[in-house]
Amino acid sequence: MKDLKRIEIIDLLHGKATDQVGKEICVKGWVRTKRGNKTIAFIALNDGTIIHNIQVVVDLAQFDEEIMKRITTGACLRVNGKLVESMGQGQNVEIQATEIEIYGEADVDTYPLQKKGHTLEFLREIAHLRPRTNTFGAIFRMRHAMAFAVHKFYNDRGFFYWHSPIITSSDAEGAGEMFQVTTLDINNVPKNENGLIDYSQDFYGRHTSLTVSGQLEGELGALSLGKIYTFGPTFRAENSNTPRHLSEFWMIEPEMAFYDLEDNMNLAESFIKYLVNYALLNCKDDLEFLQNMYDKELIERLQFVVDNDFVRLKYTEAITILENSTQKFEFPVGWGIDLQSEHERYLVEKHFKKPVILIDYPKEIKAFYMKQNEDGKTVRAMDILFPKIGEIIGGSQREESLDKLIERMEQVGINPEEMKWYLDTRRFGSAPHSGFGLGFERLLLFVTGMVNIRDVIPFPRTPKNAEF
RNA sequence: UCCUCCUUAGCUCAGUUGGUUAGAGCACAUGACUGUUAAUCAUGGGGUCCUAGGUUCAAGUCCUAGAGGGGGAGCCA
């Protein structure tokens, strides 16, 4: 077989290789469909670079019947052929095959993917093969684009990418149940004289867990480098079985010295708009596919978010709106309650019909590190609520006063002694600062139009499910 | 964790008041067709009715328990 340089399908279809028309080229990829008659076959070949396929035209008089039989949906091919303008409709160019090598066959009796559509539930059971479908190819290309855009956004604004630890000894982050990390033999755990587990014999000589948030370590970065962001995996051992929760997910947590809550909101809003706009500009083919297949208003909704200001509202005002609404709520509304899903949905989807930033929550329902307002009742918290997916961002201005922070920790039962390293930020050169966390997969739900969070991460981790 | 619905061919599903040999579409195989676009048409093969118990002359169908999945709730990002 002639040794030709491989050209990626994205370059063939997006014009970068138009000068190749009339020449013999090489493409490599996986067979999506094969159809045809006794004299001619059409193979739709996809190499993952783009959602579209290149059509390979095979004159059956020139190829052995046995080779053609082995070319089935899912097989991987190396094809040499002449790039020509297509004689059929549906594509501009196609390849008239001269030589075909089969890299890998896909047995039709056992290969689970077919030409026709599958349910997302079925594809979840074969998560190791689903990236070969149009849908998941589009989603995971967009996942990459969004991750890249995150770094570009912050780099362009002078933020530093800060690596907070994945293994942590702090269990006071207060964001949820933690996965324990240990090398102790769990069948024969060493005990101390009090009958408790003797962690001094463990790998780190102490009790350790997987992080539930990089925020506390992020504050250390902000109070030295000025503006940092983290972007890494996060783990929560909550028994949450919903389409919006994973036990292993990715979170972006910027933290900025000298930012107040207003600055924090401005950053968060421009960040989300930047990401959505980046998707509109750079993921056009994939968005159009997802819109056609799953969500007819997807692109319109993304454009709406880019073009419109988010509503900014104090918690107290939100309670008033809810109390004055004619809507019947399952959970009663009153100042001091933690807003339920139905309340958030009413505000975002019915009352304002826009993303909403809620601020100044009662201190009792928020974390200890949030800055207390002068009213003595509320804290400088902000949640950004999105249609359909709910809370996409949670953040706050942080309490910079050492005394107030210690007082609040004692009120909620956290021992300040164990958080000495964190309190040192307030003890030495404390500064006003703010930050927030964005759930990466929740953002992906919004930009892809998917409705189940298990469909926007390659290998979802949820309670009772850690296959692959 | 709670509520609720679902589990029948490789996939998506039908299956009546419990009753003879469990069906369809797609996929797959074979054949037809000189260019198809999720090609089309014809023919054919293909079943642990989720698992374990129970009721009954008789269970895919009814009952109990379990497993897996969907949706909703809580927790949150």
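In what follows, every chain begins at residue 1, and chains take the letters A, B, ... in the order their sequences are listed.
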Quiz item: To the nearest angstrom, how far is His118(A) atom NE2 from G25(B) atom C1'?
Solution: 15 Å
Exercise. For C49(B) versus U61(B), give the span between their P atoms, rounded off to a whole number of Å.
Key: 10 Å
Practice problem: Assess the pair Phe440(A) and Phe231(A): is the distance between their ring centroids shorter than 6.0 Å? | Solution: yes
Please enumerate all protein N or O atoms sitting under 3.5 Å from an N or O of nucleotides 46-52 of chain B, with distances to 0.1 Å.
none

Practice problem: Rounded to whole angstrom, note down the C1' distance from G23(B) over to G60(B). | Solution: 12 Å
Quiz item: Can you find a side-chain donor-acceptor pair between Glu24(A) and Thr98(A) that sits under 3.5 Å?
Solution: yes
Quiz item: If we take the C1' atom in both G35(B) and U40(B), what is their distance in whole Å?
Solution: 14 Å
Quiz prompt | Nearest-angstrom distance, P atom, A24(B) to U37(B) | solution = 26 Å
Quiz item: Are the aromatic ring centres of His151(A) and Phe153(A) under 6.0 angstrom apart?
Solution: no
Quiz item: If you draw the axis of the six-membered ring of Tyr274(A), does the NZ or CZ of Arg157(A) fall within 45° of it and under 6.0 Å from the ring centre?
Solution: yes
Quiz item: If the sugar-phosphate is the primed atoms plus P, OP1 and OP2 and the base is the rest, what is the B/S/- string for nucleotides 28-41 of chain B, using protein heavy atoms under 4.0 Å?
Solution: S-S-SBSBBBBB--
Practice problem: Provide the Watson-Crick or G-U wobble partner of C2(B), both distances under 3.5 Å; none if there is no partner. | Solution: G72(B)
Quiz item: Hey, what do you get for NZ (Lys314(A)) to CG (Asp360(A)), rounding to the nearest 0.5 Å?
Solution: 5.5 Å
Quiz prompt | Atom-to-atom span, CG of Leu113(A) to C1' of U12(B) - whole angstrom | solution = 15 Å
Quiz item: Can we call the ring centroids of Tyr229(A) and Tyr161(A) under 6.0 Å apart?
Solution: yes
Practice problem: Both distances under 3.5 Å, Watson-Crick or G-U wobble: report the partner of C11(B), or none. | Solution: G25(B)
Quiz item: Taking OP1 and OP2 of U1(B), is either one under 4.0 Å from a side-chain nitrogen or oxygen of Ser240(A)?
Solution: no
Quiz prompt | For A58(B), the Watson-Crick or wobble counterpart (both distances under 3.5 Å) | solution = none
Quiz item: Does NZ or CZ of Lys363(A) lie under 6.0 Å from the centre of the six-membered ring of Phe368(A), at an angle within 45° of the ring axis?
Solution: no
Quiz item: What is the ring orientation for Tyr315(A) with Trp335(A), classed by angle as parallel under 30°, tilted 30 to 60°, or perpendicular over 60°?
Solution: perpendicular
Quiz item: Rounding to the closest angstrom, what is the interatomic distance between C3(B) and A14(B) at atom C1'?
Solution: 28 Å
Practice problem: Using heavy atoms to find the nearest nucleotide of RNA chain B for Glu330(A) and Asp383(A) separately, return the residue whose nucleotide is more 5′. | Solution: Glu330(A)
Quiz item: Leu120(A) has an atom CG; how far is it from atom P of C11(B), in whole Å?
Solution: 16 Å
Quiz item: Do Arg244(A) and Thr242(A) have side-chain N/O donor and acceptor atoms under 3.5 Å apart?
Solution: no
Quiz item: At under 4.0 Å between heavy atoms, what does Leu246(A) touch on the DNA or RNA strands: base, sugar-phosphate, or nothing?
Solution: base
Quiz item: Does G46(B) have a Watson-Crick or wobble partner in any strand here, with both distances under 3.5 angstrom, and which is it?
Solution: none
Quiz item: Taking CG from Asn239(A) and P from C76(B), how many angstroms apart are they, rounded to a whole number?
Solution: 15 Å
Practice problem: If A77(B) has a Watson-Crick or G-U wobble mate with both distances under 3.5 Å, name it; if not, just say none. | Solution: none
Quiz prompt | Nearest-angstrom distance from the residue atom CD1 of Ile453(A) to P of C76(B) | solution = 16 Å
Exercise. Check the side chains of Arg398(A) and Ser396(A) for a donor-acceptor pair under 3.5 angstrom, ignoring hydrogens and angles.
Key: yes
Quiz item: Should Arg380(A) and Lys366(A) count as side-chain neighbours, where that means a heavy-atom distance under 4.5 Å?
Solution: no
Quiz item: Charged N to carboxylate O below 4.0 Å: is that the case for Lys328(A) and Glu342(A)?
Solution: no
Exercise. Tell which nucleotide pairs with U37(B), taking only Watson-Crick or G-U wobble pairs whose two distances are both under 3.5 angstrom.
Key: none
Quiz item: If you look at every strand shown and take non-hydrogen atoms under 4.0 Å, does Thr242(A) touch a base, only sugar-phosphate, or nothing?
Solution: base
Practice problem: To the nearest Å, give me how far apart CZ (Phe235(A)) and P (A77(B)) are. | Solution: 16 Å
Quiz item: Between Tyr346(A) and Phe329(A), is a ring pair (Phe, Tyr, Trp, His ring centres under 6.0 Å) present by the stated rule, with each step listed?
Solution: CA-CA 10 Å; Tyr346(A) 175 80; Phe329(A) 294 113; 5.6 Å; yes
Quiz prompt | Exercise: identify the closest heavy-atom pair between Met370(A) and Ala381(A) | solution = SD-CB, 3.4 Å
Quiz item: In whole Å, what separates the C1' atom of C63(B) from that of U56(B)?
Solution: 12 Å
Exercise. Determine, for nucleotides 65-70 of chain B in 5'-to-3' order, which nucleotides have protein heavy atoms under 4.0 Å from the base (write B), from only the sugar-phosphate (write S), or from neither (write -).
Key: -----S
Quiz item: So, do Phe440(A) and A77(B) meet the stacking rule of ring centres under 5.5 Å and planes under 30°?
Solution: no
Quiz item: Can you tell me how far C1' of A73(B) sits from CZ of Phe329(A), to the nearest Å?
Solution: 16 Å
Practice problem: Could you work out the separation of U64(B) and A59(B) based on their C1' atoms and round it to a whole Å? | Solution: 15 Å
Quiz item: Within the structure, does a side-chain N or O atom of Arg244(A) lie under 4.0 Å from either OP1 or OP2 of G71(B)?
Solution: no
Self-check item: Pairwise P distance, G44(B) and U8(B) [rounded to whole Å]
Solution: 26 Å
Quiz item: How many Å lie between CD on Glu177(A) and C1' on A77(B), as a whole number?
Solution: 16 Å
